[in-house]
A.B. asks: 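Dumping the structure here so I can ask a few things about it.
The figures that follow rest on heavy atoms only: side chains count, while hydrogens, waters and symmetry mates do not.
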Amino acid sequence: MAIIVTFDLPGAGQELYDAVIERVTDGQGFTQFADLGNPGLVSHAAGPVDGGFRVTEVWESPEALETHAKTFGPILADLGHADVQPTIIPAHNVVVR
C-alpha cells in the first residue's frame, strides 16, 4: 500500500534541505529517483512554507520508507533535527506522469 509522507521542518530553510540531500546522495544531488538508491520512492516535492520548510513524498510502502529512514534519520539528527516526526497517511490514489 502506497503512503503519503509529509515532513514539516519548523524554523528550517532550504539550507537544511540542501545539506540533507548533499549527504543522502554523497554530494551527487537529487534530480532523479536513482540518485537516492531506494527504488520505493514514487514522488518527491520540497519547498518553503510559513515558518519553515516542507517535504512531501509518496512511497510504495511503509517498508520502503523505513529502509530510507535508516539513512535519512541519522543525517537529520546530526544536523540538529532529530525530533522531526513525519505525518504519514495511506494513499487513496497516486497519479504520476
Side-chain angles (χ1 to χ4, degrees):
M1 167 187 52
I3 57 172
I4 301 167
V5 181
T6 303
F7 294 91
D8 282 312
L9 303 162
Q14 183 176 334
E15 300 79 22
L16 173 64
Y17 174 82
D18 290 344
V20 171
I21 293 299
E22 176 82 11
R23 290 191 190 188
V24 167
T25 66
D26 292 326
Q28 296 179 29
F30 181 36
T31 59
Q32 58 186 346
F33 292 134
D35 294 334
L36 286 185
N38 185 331
L41 183 62
V42 175
S43 70
H44 173 93
V49 294
D50 284 342
F53 209 77
R54 177 175 292 156
V55 177
T56 301
E57 299 175 326
V58 175
W59 287 87
E60 289 179 351
S61 67
E63 295 79 18
L65 173 62
E66 288 173 21
T67 297
H68 179 63
K70 291 176 184 172
T71 300
F72 177 82
I75 291 170
L76 263 181
D78 189 48
L79 293 171
H81 292 271
D83 57 344
V84 173
Q85 294 297 317
T87 300
I88 302 172
I89 60 171
H92 172 70
N93 188 20
V94 177
V95 178
V96 296
R97 182 186 268 197

A.B. asks: Measure the CD1-OG1 distance between I3 and T87 for me, rounded to the nearest 0.5 Å.
C.D. replies: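 One gets 11.5 Å once the value is rounded to the nearest 0.5 Å.
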A.B. asks: Same cluster or not: F72 versus L79, using hydrophobic residues (I, L, V, M, F, W, Y) connected whenever any side-chain heavy atoms lie under 4.5 Å apart?
C.D. replies: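 Per the 4.5 Å side-chain linkage, F72 and L79 are co-clustered.
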A.B. asks: Is it possible for you to say whether V42 and V5 belong to one hydrophobic cluster, with membership spreading through side-chain heavy-atom contacts below 4.5 Å?
C.D. replies: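 No, V42 does not connect to V5 through the hydrophobic network.
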A.B. asks: Roughly how far apart are E60 CD and M1 CE, rounded to 0.5 Å?
C.D. replies: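 One finds 13.0 Å between CD of E60 and CE of M1.
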A.B. asks: Return the minimal non-hydrogen interatomic distance between D8 and P10, and the atom names on each side.
C.D. replies: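 For D8 versus P10, the nearest heavy atoms are O-CD, 3.2 Å.
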A.B. asks: To the nearest 0.5 Å, tell me how far L16 CG sits from H81 NE2.
C.D. replies: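 Interatomic distance, L16 CG to H81 NE2, rounded to 0.5 Å: 4.5 Å.
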A.B. asks: Using 0.5 Å steps for rounding, measure from the CD1 atom of I75 to the CD1 atom of I21.
C.D. replies: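 Reported to 0.5 Å precision, the distance equals 9.0 Å.
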A.B. asks: Provide the closest heavy-atom pair for A69 versus P74 in the form atom of the first, atom of the second, distance.
C.D. replies: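 Nearest pair, atom of A69 first, then P74: O-CD, 3.6 Å.
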A.B. asks: Return the minimal non-hydrogen interatomic distance between A64 and G40, and the atom names on each side.
C.D. replies: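 Nearest pair, atom of A64 first, then G40: CB-CA, 3.8 Å.
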A.B. asks: To the nearest 0.5 Å, what is the distance between CG (L36) and OG1 (T25)?
C.D. replies: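 Those atoms lie 7.5 Å apart.
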A.B. asks: Could you report the tightest heavy-atom contact between A2 and V58, atom names first, then the distance?
C.D. replies: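 The pair with the smallest heavy-atom distance is CB-CG1, 4.4 Å.
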A.B. asks: Flag the pair N38 / W59 as yes when at least one side-chain heavy-atom distance between them is below 4.5 Å, and no otherwise.
C.D. replies: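 Heavy-atom side-chain distance check passes, below 4.5 Å.
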A.B. asks: Keeping to residues at least two apart or across chains, list the salt bridge (charged side-chain N to carboxylate O under 4.0 Å, His left out) pairs with something in residues 73-84.
C.D. replies: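 Matches after skipping sequence neighbours: R23-D78.
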A.B. asks: Where the side chain of D18 meets the backbone of E15, is there a donor-acceptor pair that is under 3.5 Å apart?
C.D. replies: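 Judged by distance alone, no pair lies under 3.5 Å.
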A.B. asks: Going by ring pair (Phe, Tyr, Trp, His ring centres under 6.0 Å), name the residues that satisfy it together with F30, two or more places apart in sequence or in a different chain.
C.D. replies: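 Listed in chain order: H44.
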A.B. asks: Would you say that I88 contacts L65 through its side chain, given a criterion of any heavy-atom pair below 4.5 Å between the two side chains?
C.D. replies: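 Yes - at least one pair of side-chain heavy atoms lies under 4.5 Å apart.
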A.B. asks: Grouping I, L, V, M, F, W and Y whenever their side-chain heavy atoms are under 4.5 Å apart, do V49 and V55 come out in a common cluster?
C.D. replies: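 In one cluster: no.
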A.B. asks: So which heavy atom on F53 is nearest to which on A46, and how close?
C.D. replies: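 Here F53 and A46 meet closest at CE2-CB, 3.8 Å.
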A.B. asks: Just wondering, more than 12 heavy atoms not from E63 lying within 6.0 Å of its CD?
C.D. replies: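 Correct, the count exceeds 12.
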